[in-house]
2 protein chains.
Amino acid sequence: MASVDRSLVEGLPLFAGLTPEQVDRMLQEAQSIRYAKGTNVFQHDEEAHSFFILLHGHLRVFKLTPDGQQVVVRFVAPGEVFGVAMAIGRTTYPATAQAVVDSIALVWPSAAWPRLVATHPGLAVNTLQTVGSRLQDAHTRVVEMSTEQVERRIAHALLRLAKQSGRKVEAGVQIDFPITRQDVAEMTGATLFTVSRVLSAWESQGLVAGGRQRMMIREPHKLFLLAEGLPD
Amino acid sequence: MASVDRSLVEGLPLFAGLTPEQVDRMLQEAQSIRYAKGTNVFQHDEEAHSFFILLHGHLRVFKLTPDGQQVVVRFVAPGEVFGVAMAIGRTTYPATAQAVVDSIALVWPSAAWPRLVATHPGLAVNTLQTVGSRLQDAHTRVVEMSTEQVERRIAHALLRLAKQSGRKVEAGVQIDFPITRQDVAEMTGATLFTVSRVLSAWESQGLVAGGRQRMMIREPHKLFLLAEGLPD
DNA sequence: CCAACTCTTTGCGCAAGATCAAGTACGGTC
DNA sequence: GACCGTACTTGATCTTGCGCAAAGAGTTGG
């Protein structure tokens, strides 16, 4: 594989505290692979052969229930580590990662992880921070699902998307990958129908905009107030 | 502080891969502290001054919403590490840990963590596994809350409690710390009333038993079928 | 340009659970 | 042993959001 330009990965949290030489050495072991829109980077229950850093594009990570329902765990944005199943002590992936647009990732074989960690102890520490912050997110989501009603959950989900993958434009904050109402439903534990109704209402109030697979937040602050359940 | 008997902590996941001497050295830096039933080991948003291993007792870890609702994050059983806020990159605790019975924990100052990790890289790796498996749990819970109705969520919650803190007795599996219907409600995102109704129904079917703050599963397998939504 | 598809909207009826309102039983204390 | 507070039960009512149906609107491709 062609070697990877270091500038692409400098400053990534995973590599914090490593010397440029160490980073170079790690990069030499990585491949860079392209995933066409709609393809799966890995699948639920598949053997965890690799771990990744997303260089370009966006992924949708979801779980499938026995009766075929999907639940979106998160979206992966460029720069993030994903598929670290091996590091957290699993032998298979706990979810499916699917490219929502054409994407490129750096790929290491999972088998290299123990050696990499032994050589660069900082890797474990950095990964611990990453996994820890995902744990925070998951708990936040549990709290929201336990105590908030749909409208506020949807508001929180959109704000999180905006924060993670929002692009500021004149008219507001644009989510910079295609996302359906169904996706939002699967992030919030609501139905497609309910999400559609809520978004329609917000659109007519000028809070958000966006048609088919497009989502833009026009009034982030008002949406925030709504998410927190504060008076208008 | 009195020195801690090594037999109490041998075989704990946190210490996996450390030599007995290394464990001894770590123990010398720990205090063992007693927490009376009902007291808080640490509180939400408090500075994360320490991290812990529970030696004896049971803790209830919960978050508080702005409007005062509690959501139970998990229960801590003896042998588990908790309060590792610092390790996952926080300066404050993200939740409150409260002793549900008189409890004893080993306590290290958070400030010692970076040095301990530098000396024993295995610590970071082990903690990563622990945090990773909590992340799994949290995601499982999100999936359950998104796709299952209350009855099945309650069944899953009880099964998880039984697995983690169940004591097998002749008549079934006894949860070996006091737990209220309110607690179960706060674990499942249901109301006290709904939980009470469901448990009453199960009790009359002989599925579970237990009165005030007592919970015992008499038919684990039937409860499992119910949790998975399988026919009788 | 039309066909086929996917995504989205909207209306209507219904059910799972929440909320409210009494109560009852259990344990601990003086 | 009487009292008190906390946990639990049970019933009646109300609301949120789901399920389903049907149709509208972009998108892609022949």
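Every chain is numbered from 1, with letters handed out A, B, ... down the list of sequences.
Nearest-nucleotide assignment on DNA chain D puts the 5′-proximal partner with Val195(B), out of Glu151(A) and Val195(B).
In this structure, Tyr35(A) and Phe52(A) have perpendicular ring planes: the angle between them is above 60°, well past the 30° mark.
Rounded to the nearest 0.5 angstrom, Lys63(B) NZ and His44(B) NE2 are separated by 5.0 Å.
Distance Arg152(B) CZ to dA16(C) C1': 15 Å, rounded to the nearest Å. Rounded to a whole Å, the CZ atom of Phe193(B) is 9 Å from the C1' atom of dA21(C). The distance between atom CE of Met145(B) and atom P of dC18(D), rounded to the nearest whole Å, is 13 Å. Between the CZ atom of Arg214(A) and the P atom of dC7(C) there is a distance of 14 Å, rounded to whole Å. When the P atom of dA16(C) is taken as reference, atom CZ of Arg153(B) falls 13 Å away, rounded to whole Å. Distance Leu199(B) CG to dG17(C) P: 14 Å, rounded to the nearest Å. Rounded to whole Å, atom C1' of dT16(D) lies 15 Å from atom CD of Glu148(A). If you take CD of Gln149(B) and P of dC14(C), they are 18 Å apart, rounded to a whole angstrom.
Side-chain to base pairing of Arg197(B) with dG11(D): one donor and one acceptor N or O lie within less than 3.5 Å of each other. A donor-acceptor contact under 3.5 Å is not formed by the side chain of Arg212(B) with the base of dT24(C).
For Arg181(B), no side-chain nitrogen or oxygen approaches OP1 or OP2 of dA7(D) to under 4.0 Å. Residue Thr191(A) has a polar side-chain atom (N or O) positioned under 4.0 Å from OP1 or OP2 of dC18(D). Between Ser196(B) and dT9(D) there is a side-chain N or O to OP1 or OP2 distance below 4.0 Å.
Nucleic acid contact for Ser200(B): sugar-phosphate only, since backbone atoms but no base atoms lie under 4.0 Å from a heavy atom of the residue. Using a 4.0 Å heavy-atom distance criterion, Gly189(A) is classed as a sugar-phosphate-only contact.
Between Leu161(A) and Phe75(A) the shortest side-chain heavy-atom distance falls below 4.5 Å. When side chains are defined from C-beta on, Arg74(A) counts as touching Glu80(A), because their heavy atoms get closer than 4.5 Å.
The distance between the ring centers of His49(B) and Tyr93(B) falls below 6.0 angstrom.
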